[in-house]
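Any value given below was found using the heavy atoms of this structure, including those in side chains, with hydrogens, waters and symmetry copies removed. Just so we're on the same page: letters track the sequence lines, and every chain starts at 1.
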Amino acid sequence: MTVRVRFAPSPTGYLHVGGARTALFNWLYAKKTGGTFILRIEDTDKERSTETHTQVILDGMKWLGITYDEGPYYQGQYGRRHRADAEALLAQDRAYRCFCTREELDAQRALASKTGSAFRYDGRCGRRTQEDIAAQLAAGKEFSLRLRMPEGEIAWDDAVHGRISFQGHDLDDFIILRSDGTPIYNLAVVSDDIDMRVTHVIRGDDHISNTPKQIAIYRALGKPEPVFAHVPMILGTDGKKLSKRHGATAVGDYQHQGILPLAMRNFLALLGWSPGGDREIMAEEEMISLFSLEGIQKKAAVFDTTKLEWMNGQYLSARPAAELLGPVQLHLAEMGVRTSRDLIPVIDAVKARSRTLVDIASQVAVRVDRSKIVRDAKGEALAQKLGASFATNLRTAQAALEAVEWNPAAIEAALKAVAAQTGTKLGDLMQPIRVALTGGTVSEPVNELLAVTGKEESLARIAAAAGA
RNA sequence: GCCGCUAUCGUCUAGAGGCCUAGGACACAGCCCUCUCAAGGCUGGAACACGGGUUCGAAUCCCGUUAGCGGUACCA
């Protein structure tokens, strides 16, 4: 049997990191098993679903490199099949017409909460006689369809949790088809998963309590159930479900913050899954070959942005500058930096000490655009501390640099020589140059900084700082 | 309330009865390297929620308690 999995987001919001990870696990499993990964947009909630959100989800998946083999299917287009399935259930008396109005239901619910007991629909409409039903119909009363929930145990062997068991009598006869003929989520999902021949349902933990209901539908329909794998939730740093107030939760936010898709994907894979042992930074092929449902954690995981940024820094250092050029240019454009210079060497000089593309862009900006130099607190403090020697040392350096061949090795030799000759501490010579060129006290080695900035520009910046 | 799920350093996790005086990573502290900052190397502090069993032996199995989370809609 070939594996068929699906990711089924509803386009009622952005692509959340939790959703992205669910998609990733499905994708990984499909790749691992040579199966098919289906994308299905669950847009049955017409009120809240938008095309914009659909597009954002598609873009997010594309950015992360999570490709699908089938779809996107739009659930809203299968209303006829959903209804047919519900009516088949009605015909076999596995479902029945419920004539209760919302008001009646609300009243029952209110009563239940007053007495402190759990509300479960009491199944009163399931006990109506044929005559009664005919009379209701003749009176033109609206009805929804409810599934007859069987008594007894409903259990399954969850691929991540092991055996999970519910009792039929704890569940009620839930609605599968609204009075307007549209399906309720649990019916639509089962109907679609059967139709699309889905073999493994890999989804969030929050669906565990839907699963027995869905299994009841599979059984009523006489269809075999797929394998279920419920992956744990992703939490914020306070241990609560990840939400807006924790800051960035949409994958688009991280793209904007300068996170690399490969780093994001690697990080997400490790949230709730472990290949065992000490593997952390993994190439795609490795991730796929190591992936297994059994390796998925049962416990919810906290989303730790700091570690994401560390990992991003690792990826930034490892990727060739040419690959970073495009995204860096995007960020530069946002910062209003335009330059005709070849940025590859600049990016190379700077990427090792960056954690995000935004970091790289701002460092590049200072190196190519003099107007971006703003002396920061530490740069200012250094100038204060050195007093007159700040300018003196700069002039010394400038003089030594005038005649030097402009490459890192020659520059370094010249600077070290002049420091030795004049008895200046190397740091007292180098740091003012750094401040002159970047405004701050942090950068790549000064010789490389000078090389990458260019002779003419470097000397101009030094002169300006020495004169100031 | 009821139903379900979960429980190893602050965080992500390794661990599938003896290999564990519990390993790695992020973060933190210190040292080394060094023109600064990263990176890298070394070192350090830091966890098996609690209580009962089972067993010669339990982080690992069972039961209970506690806590957290999820669900409890004619939402998905």
For this session: State the pairing partner of rC26(B); accept Watson-Crick or G-U wobble contacts with both distances under 3.5 Å, and report none otherwise.
Result: rG10(B)

Problem set entry | Residue-level proximity of residues 179-188 of chain A to RNA chain B when a heavy atom falls under 4.0 Å | Ser179(A), Ile184(A), Tyr185(A)

For this session: Flag the pair Asp157(A) and Arg163(A) as a salt bridge only when some basic side-chain nitrogen lies within less than 4.0 angstrom of an acidic carboxylate oxygen.
Result: yes

Exercise. Does Lys307(A) have a side-chain nitrogen or oxygen under 4.0 Å from the phosphate oxygens OP1 or OP2 of rU13(B)?
Worked result: no

For this session: Report the nucleotide, chosen from rG4(B), rA76(B), rC35(B), that has the shortest atom-to-atom distance to any side-chain atom of Phe166(A).
Result: rG4(B)

For this session: Go through rC12(B), rA38(B), rC5(B) for me and flag the one nearest to the Arg353(A) side chain.
Result: rA38(B)

For this session: Using the C1' atom on both, measure rC74(B) against rA67(B) and round to a whole Å.
Result: 36 Å

Exercise. Are the charged groups of Glu87(A) and Arg80(A) less than 4.0 angstrom apart, N to O?
Worked result: no

Problem set entry | Side-chain N or O of His161(A) closer than 4.0 Å to phosphate OP1/OP2 of rU6(B) | yes

Exercise. Hey, does the side chain of Glu412(A) reach the backbone of Ala409(A) with a donor-acceptor pair shorter than 3.5 angstrom?
Worked result: no

Exercise. Taking 4.0 angstrom as the limit, do Asp205(A) and Lys298(A) come out as a salt bridge?
Worked result: no

For this session: Can you tell me, in whole Å, how much space there is between the C1' of rC3(B) and that of rA49(B)?
Result: 24 Å

Any N/O pairs under 3.5 Å between the protein and nucleotides 66-69 of chain B? List them or say none.
residue	atom	partner	partner atom	Å
rC69(B)	OP1	Lys240(A)	NZ	2.5

Exercise. Taking the side chain of Asp304(A) as its heavy atoms from C-beta onward, which of rC37(B), rC75(B), rC26(B) lies nearest to it?
Worked result: rC26(B)

For this session: Name the orientation class of the two ring planes belonging to Tyr78(A) and Tyr73(A) (parallel below 30°, tilted from 30 to 60°, perpendicular beyond 60°).
Result: perpendicular

Output a table of nitrogen or oxygen pairs between the protein and nucleotides 14-22 of chain B separated by less than 3.5 Å.
residue	atom	partner	partner atom	Å
rA14(B)	OP2	Gln297(A)	OE1	3.1

For this session: Check every strand shown and say whether Cys98(A) touches a base, only sugar-phosphate, or nothing at a heavy-atom separation below 4.0 Å.
Result: nothing

Exercise. Which of these passes ring-ring contact (aromatic ring centres under 6.0 Å, His included) with Tyr254(A): Tyr14(A), Phe267(A), Phe303(A)?
Worked result: Phe303(A)

Exercise. Taking OP1 and OP2 of rA73(B), is either one under 4.0 Å from a side-chain nitrogen or oxygen of Arg120(A)?
Worked result: no

Exercise. What's the CD1-P distance between Ile175(A) and rC75(B), to the nearest Å?
Worked result: 8 Å

Exercise. The side chain of Lys416(A) lies closest to which of these nucleotides: rC74(B), rC35(B), rA25(B)?
Worked result: rC35(B)

Problem set entry | Distance below 4.0 Å between Arg279(A) side-chain N/O and rG23(B) OP1 or OP2 | no

Exercise. Ile208(A) has a side chain; which of rA76(B), rA25(B), rG4(B) sits nearest to it?
Worked result: rG4(B)

Exercise. With sugar-phosphate meaning primed atoms plus P, OP1 and OP2, does Gly272(A) contact a base, only sugar-phosphate, or nothing at under 4.0 Å between heavy atoms?
Worked result: sugar-phosphate

Problem set entry | Any Arg109(A) side-chain N or O less than 4.0 Å from OP1/OP2 of rA73(B) | yes

For this session: With Arg146(A) as the cation and Tyr121(A) as the aromatic partner, state whether NZ or CZ is under 6.0 Å from the six-membered ring centre and within 45° of the axis.
Result: yes

Exercise. Does a side-chain N or O from Thr441(A) land closer than 4.0 Å to OP1 or OP2 of rC37(B), or not?
Worked result: no

Problem set entry | N/O donor-acceptor pair, side chain Asp170(A) with base rC2(B), under 3.5 angstrom | no

Exercise. Using a cut-off of less than 4.0 Å, is there contact between a side-chain N or O of Gln314(A) and OP1 or OP2 of rG40(B)?
Worked result: yes

